[in-house]
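Each chain gets a letter, A, B and so on, in the order its sequence line appears, and its residues count up from 1.
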Amino acid sequence: MAQTFEPNLIGFLCNWCSYAAADLAGSNKLEVPANLATIRVMCSSRVDPIFILNAYLRGIDGVIIAGCHPGDCHYQTGNYYARRRFALLSKILKTFNLDPHRFRLSWISASEGQRFSQVTKEFAESIQKAGPNPLRKKPFID
Amino acid sequence: MKALKIAKSPDDAIKELLSSLFENQKIKGVFSLFYDQDYFYGLVTDKELFNKLTPTAPVMPANGGKMLSRLTMIEPPAVPIAVVLKPCELRAFYELSKLEQANLENLIFISFVCAGVLSLKEIKNNIEEKVANANQKQGLRECCQLCENFVPENADLILPLIDGDNKTTIFIKTERGEELLQGIENNLVEEDFDSAKLSSIKEERSRYREKTWQNLKTENLGIPGLIDIFGRCINCHACGRACPICYCNLCYFDSADNDSGPRVYEAELERRGALRAPSGTIFYHIGRMIHVSLSCVGCGMCSDVCPVSIPVGTIFTRVAEETQRLFNYVPGRNLEEKIPISTFEIKEFEELGEA
């Protein structure tokens with residue numbers, strides 16, 4: 001039997017929306033990738049790009065940051081800052097050809113359990129297609 | 001633009017101007033590059049020491065903007081001080097002021113069109129001789145050779161330094177500069193600052209920049225390419241210490257947050273069966289790019305202080321070009337412009353987050 005590659009994923013979920021959406025997806029028995037490790041943060045802007053870089057260098061296959069839709073941030077403007085940070089990180093990764101497609105920013109509100117399930121499943125599939133992070137098994141990287 | 005002509009070398013012209021400003025009580029001190037056994041930045045309030053000034057020497061022993069920020073961070077000087085800085089140092093100082101690490105009050109800025117500075121490694125021996133013979137390219141920092149921002153924008157007085165022997169023109173860029181010279185220098189002339197010579201220097205620099213980027217090809221690097229460049233890093237963090245923008249007293253990368261305990265090592269060994277020491281060098285460099293590239297002024301201090309000769313500044317300048325373009329931001333251009341990650345627009349990057 002051919003071994004299928006199951007990507008290791010991290011999800012940084014905003015406490016006020018996407019984390020609740022994940023909860024809702026669960027209560028509604030919607031499918032969510034089993035190997036998505038969720039980390040609850042108080043706001044998507046809490047996610048320092050350094051966290052993502054660190055995970056990447058240690059071999060993570062994909063990282064998704066999910067926060068409130070623009071205009072809906074619990075702290076008014078946090079997600080706008082998160083968006084700029086994500087744009088900055090993506091630009092740097094692109095400049096060095098470091099798999100920018102492994103990282104995603106998604107707006108998922110508390111009521112969007114369906115969207116949470118869809119986005120994470122679709123993301124997992126795209127990473128599955130892209131294959132494992134080559135750094136995962138590579139020795140002497142960093 | 002109004003200008004003042006002095007029939008002396010640029011350094012002597014600046015010395016003469018500063019002396020007369022000092023005698024007329026318009027300034028109480030000077031912060032600039034000095035020479036006394038060696039080059040260094042200093043603040044002087046004793047006129048007898050003005051003869052040690054060498055404001056336009058092609059040397060950058062430390063980034064002057066960073067040095068000045070250390071002096072003005074808590075409070076600006078109580079009396080007016082004239083400051084002579086290279087354009088990139090001035091831009092760094094502006095960035096530090098945006099980061100609340102510097103005060104601009106009571107400072108009068110004098111800057112000049114910069115032909116680049118000698119790499120510190122070049123001038124270790126025979127420093128005077130090498131400075132005297134510094135020509136356009138030999139021994140210059142690579143960052144200087146590819147610098148396109150060598151014309152100061154935000155100084156009160158600027159010197160183009162292209163007049164030739166013993167002729168110096170000092171242009172008055174701001175109202176403050178004009179006020180400063182009122183009653184002291186009355187023989188002002190009207191002259192154009194821009195010249196064919198300046199644009200030809202700019203073209204030459206742009207060509208060099210293009211060529212360097214073509215050789216570097218960052219878009220092909222990937223992790224193997226980055227290991228080629230940063231693999232010999234000894235993790236001394238000197239580049240961060242010398243960087244004008246890296247201002248944190250306790251750097252994240254030096255902090256306990258970034259300490260890898262046995263748990264981290266064990267996980268690493270389990271995953272890869274190996275680890276590299278010193279560890280986290282690529283993490284450090286890309287991390288620093290995330291932290292400072294938007295404000296990077298391309299001064300090249302980082303490359304110069306690197307004990308293992310990694311072209312840190314060249315790589316940073318390349319990344320900074322991309323990240324600064326993303327936000328249409330030029331560090332040090334304008335005090336009103338916020339550093340991009342400290343602000344946002346409601347309508348921007350709208351494709352992000354929708355997927």
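The closest side-chain heavy-atom distance from L88(A) to L294(B) is below 4.5 Å. Contact of the D142(A) side chain with the Y284(B) side chain is not registered, since no non-hydrogen atoms from C-beta on lie closer than 4.5 Å. Annotation: side chain of R85(A) is in contact with side chain of I341(B) (closest heavy-atom distance under 4.5 Å).
R209(B) CZ: more than 12 foreign heavy atoms inside a 6.0 Å radius. Surrounding CD of E100(B) are at most 12 heavy atoms belonging to other residues, nucleotides or ligands under 6.0 Å away. Crowding of R241(B) atom CZ: a count of heavy atoms from other residues, nucleotides or ligands under 6.0 Å not exceeding 12. More than 12 heavy-atom neighbours from other residues, nucleotides or ligands sit within 6.0 angstrom of CD on E350(B). Annotation: E270(B), atom CD; neighbour count of heavy atoms from other residues, nucleotides and ligands within 6.0 Å does not exceed 12.
One distance of note links CD1 of I286(B) with CG of L93(A); it measures 7.0 Å at 0.5 Å rounding. Distance check, rounded to the nearest 0.5 Å: CG of L53(A) to NE2 of H285(B) gives 12.0 Å. In this structure, the separation between CD1 on I92(A) and OG1 on T218(B) is 11.5 Å, given to the nearest 0.5 Å. Between the CD1 atom of I65(A) and the CG atom of L352(B) there is a distance of 10.0 Å, given to the nearest 0.5 Å. Between the CZ atom in F283(B) and the CD1 atom in I50(A) there is a gap of 4.5 Å [rounded to 0.5 Å]. For the atom pair Y80(A) OH and E348(B) CD, the distance stands at 9.5 Å (nearest 0.5 Å).
Interface residue Y252(B): only side-chain heavy atoms are found under 4.5 Å from chain A. At a 4.5 Å heavy-atom cutoff, the contact between K137(A) and chain B is made by backbone and side-chain atoms alike. For chain B, the nearby part of L98(A) is the side chain; its heavy atoms alone come within less than 4.5 Å.
Between the side chain of R83(A) and the backbone N or O of I346(B) there is at least one donor-acceptor pair closer than 3.5 Å. Remark: side-chain polar atoms of R271(B) are paired, donor with acceptor, to backbone N or O of R58(A) under 3.5 angstrom. Not a single donor-acceptor pair under 3.5 Å links the side chain of N97(A) to the backbone N or O of L221(B). Judged by distance alone, the side chain of R272(B) and the main-chain N or O of P139(A) form no donor-acceptor pair under 3.5 Å. Looking only at distances, a side-chain donor or acceptor of R84(A) sits under 3.5 Å from a matching main-chain atom of P340(B).
Put simply, of T323(B), V319(B), I223(B), I227(B), the one with the most heavy-atom pairs under 4.5 Å next to chain A is I223(B). Ranked by heavy-atom pairs under 4.5 Å with chain B, the first of S90(A), P49(A), A87(A) is A87(A). Counting heavy-atom pairs under 4.5 Å between each of L226(B), I282(B), L275(B), T281(B) and chain A puts I282(B) at the top. Contact tally against chain A (heavy-atom pairs below 4.5 Å) for G353(B), P224(B), S293(B), G225(B): the top residue is G353(B). Put simply, of L89(A), N54(A), V119(A), the one with the most heavy-atom pairs under 4.5 Å next to chain B is N54(A). With chain A as partner, the option from I315(B), L326(B), T343(B) having the largest number of non-hydrogen pairs under 4.5 angstrom is T343(B). Of the listed residues (D48(A), T95(A), N79(A)), the one with the most heavy-atom contacts under 4.5 Å to chain B is T95(A).
Listed here is the closest heavy atom pair of F96(A) and M289(B): CE1-SD, 3.4 Å.
Contact check on K94(A) versus E322(B) returns no salt bridge, with no Lys/Arg side-chain nitrogen under 4.0 Å from an Asp/Glu carboxylate oxygen.
By the 30° and 60° cut-offs, the orientation of the rings of Y81(A) relative to F344(B) is perpendicular.
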